[in-house]
Amino acid sequence: MSRKPIIIDTDPGIDDAVALAIALFNEELDVRLITTVNGNVGLEKVTYNTLRLLKFFDKQIPVAKGASTPLIKDPVDASNVHGETGMDGYDFEEPDESLLLDEHAVNAMHKEIMNSQEKITLVPIGPLTNIAVLFKLYPEVKENIAEIVLMGGSTGRGNVTVMAEFNIYADPEAAKIVFSSGLPIVMAGLDVGQKALVYPEDSEELKDMNDTGNMIYHLFKKYRGGSFNKGLKMYDSCAVAYLLKPNLFETVDTYVDIELNAEFTKGATIVDLKGYLKQQNNAKVCIDIDADEFKKWFMENIKKCK
Ligand code: BDR
Ligand code: CA
């Protein structure tokens, strides 16, 4: 079976770190490139975190640094959730800087996509700035992209404002460009991320599972200000889970737009489940997840890591 070629665009981020672990050690995925974007913390920190993770995993995947600010709005961060470094809680070794490409993420993605024999799947698990710039600068890449499977958005309420989810809120204009790109999009948002929970007993099991499990256990101790005991949300792993086991999810084909000009709801995903807007469907939205099966899948996949 041939491995699915993917590019992960990310802002590690504790749940990003977990999603990267799963993707990098899964035999069905071929991670061709990792690009970084300002998000959970600033661009320098998320890039450093990505390189620290690759050193930890002993994986030689090229990394390219992308956008340091959103397209238009001022940056926001989520250091209250992931800590000041973006990955507080574990003492990583210094990274191997040689994996860092000497070109912008958008140019690196362009090259990788255009040179690929098979269509590439994009997996954005941070704000969508890099992907939006890619489509504006190099629209020809769309021809060689299979689909976009992203973590972001919500059919209901938000997790950073009343109605907006962090990745979309952080760069709503970019999200608008991506959702109107015409490419097939799978949206794994809060509806599923908030049910993809890891509980303290699971974390304890991870601690002694292997090196990755142990590293994740220590990150989890700091995740969301140490709310370890309440169940931790594996948002970004949902996008990777969809790639590998889509039947974990219940989905709906629908139209999604992004609220840009509103006092209270900027960055909300307008998921038109009832067709009020009379627009063509542009996304497959994950509206539910089998939480027990997800947990099993999650633990099995961390077991495959180093
Ligand atoms: C998303 O926001 C970030 O804090 C997480 O890494 C995830 O990608 C959840 O809203
Ligand atoms: Ca993320």
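Note that ligands are numbered from 1 as they come in the structure, with each ligand's atoms numbered from 1 the same way. Computed from a predicted model, the values in this text were never measured in an experiment.
With a 4.0 Å heavy-atom cut-off, ligand 1 is reached by no atom of K233. Counting heavy atoms under 4.0 Å from ligand 1, residue I14 does not touch it at all.
With hydrogens and angles ignored, the 3.5 Å screen pairs a side-chain donor or acceptor of N301 with a backbone N or O of W297. Judged by distance alone, with hydrogens and angles left aside, the side-chain atoms of T212 form a donor-acceptor pair with the main-chain N or O of K306 at under 3.5 Å. A donor-acceptor contact shorter than 3.5 Å is absent between the side chain of N281 and the backbone of A283.
Closest to atom 2 (O) of ligand 1, if we only count protein heavy atoms, is F166 CD2, 3.4 Å. In terms of protein heavy-atom proximity, atom 3 (C) of ligand 1 is closest to N40 OD1, 3.1 Å. Nearest protein neighbour of atom 9 (C) of ligand 1, counting heavy atoms only, is E165 OE2, 3.2 Å. Counting protein heavy atoms only, atom 6 (O) of ligand 1 is closest to D15 OD1, 2.6 Å.
In this structure, E201 places its CD atom where more than 12 heavy-atom neighbours from other residues, nucleotides or ligands lie under 6.0 Å away. Within 6.0 Å of atom NZ in K142, more than 12 heavy atoms from other residues, nucleotides or ligands are found, so the atom counts as buried in its surroundings. Within a 6.0 Å sphere centred on CZ of R3, heavy atoms belonging to other residues, nucleotides or ligands number more than 12. Within a 6.0 Å sphere centred on CD of E93, other residues, nucleotides and ligands contribute 12 heavy atoms or fewer.
The shortest N or O to N or O distance between D236 and ligand 1 is below 3.5 Å. For a threshold of 3.5 Å applied to N or O pairs, the pair formed by I125 and ligand 1 contains at least one separation below that value. Checked against a 3.5 angstrom limit, the closest N/O atoms of N167 and ligand 1 fall inside it.
Residues Y199 and E204 have side chains that never bring a donor and an acceptor to within less than 3.5 angstrom of each other.
Distances from the Ca ion (ligand 2) show that G13 has no N/O/S atom below 3.0 Å.
Each of the atoms 6 (O) of ligand 1 lies under 4.0 Å from some heavy atom of D16. Set against the non-hydrogen atoms of N159, the atoms of ligand 1 under 4.0 Å away are 9 (C), 10 (O). Heavy-atom contacts of Y235 reach the following atoms of ligand 1: 9 (C) (cutoff under 4.0 Å). Interface of M151 with ligand 1, defined as ligand atoms under 4.0 Å from a residue heavy atom, comprises 1 (C), 7 (C), 8 (O), 9 (C).
Here the rule is side-chain contact (heavy atoms from CB on, under 4.5 Å) with K233, and of V198, L190, L197 only L197 fits it. Test T129, N49, T50, N40 against D11 for side-chain hydrogen bond (donor to acceptor under 3.5 Å, both in side chains) and you get one pass: N40.
Draw a line from the Ca ion (ligand 2) to OD2 of D236 and another to OD1 of D11, and the angle between them is 140° (to 10°).
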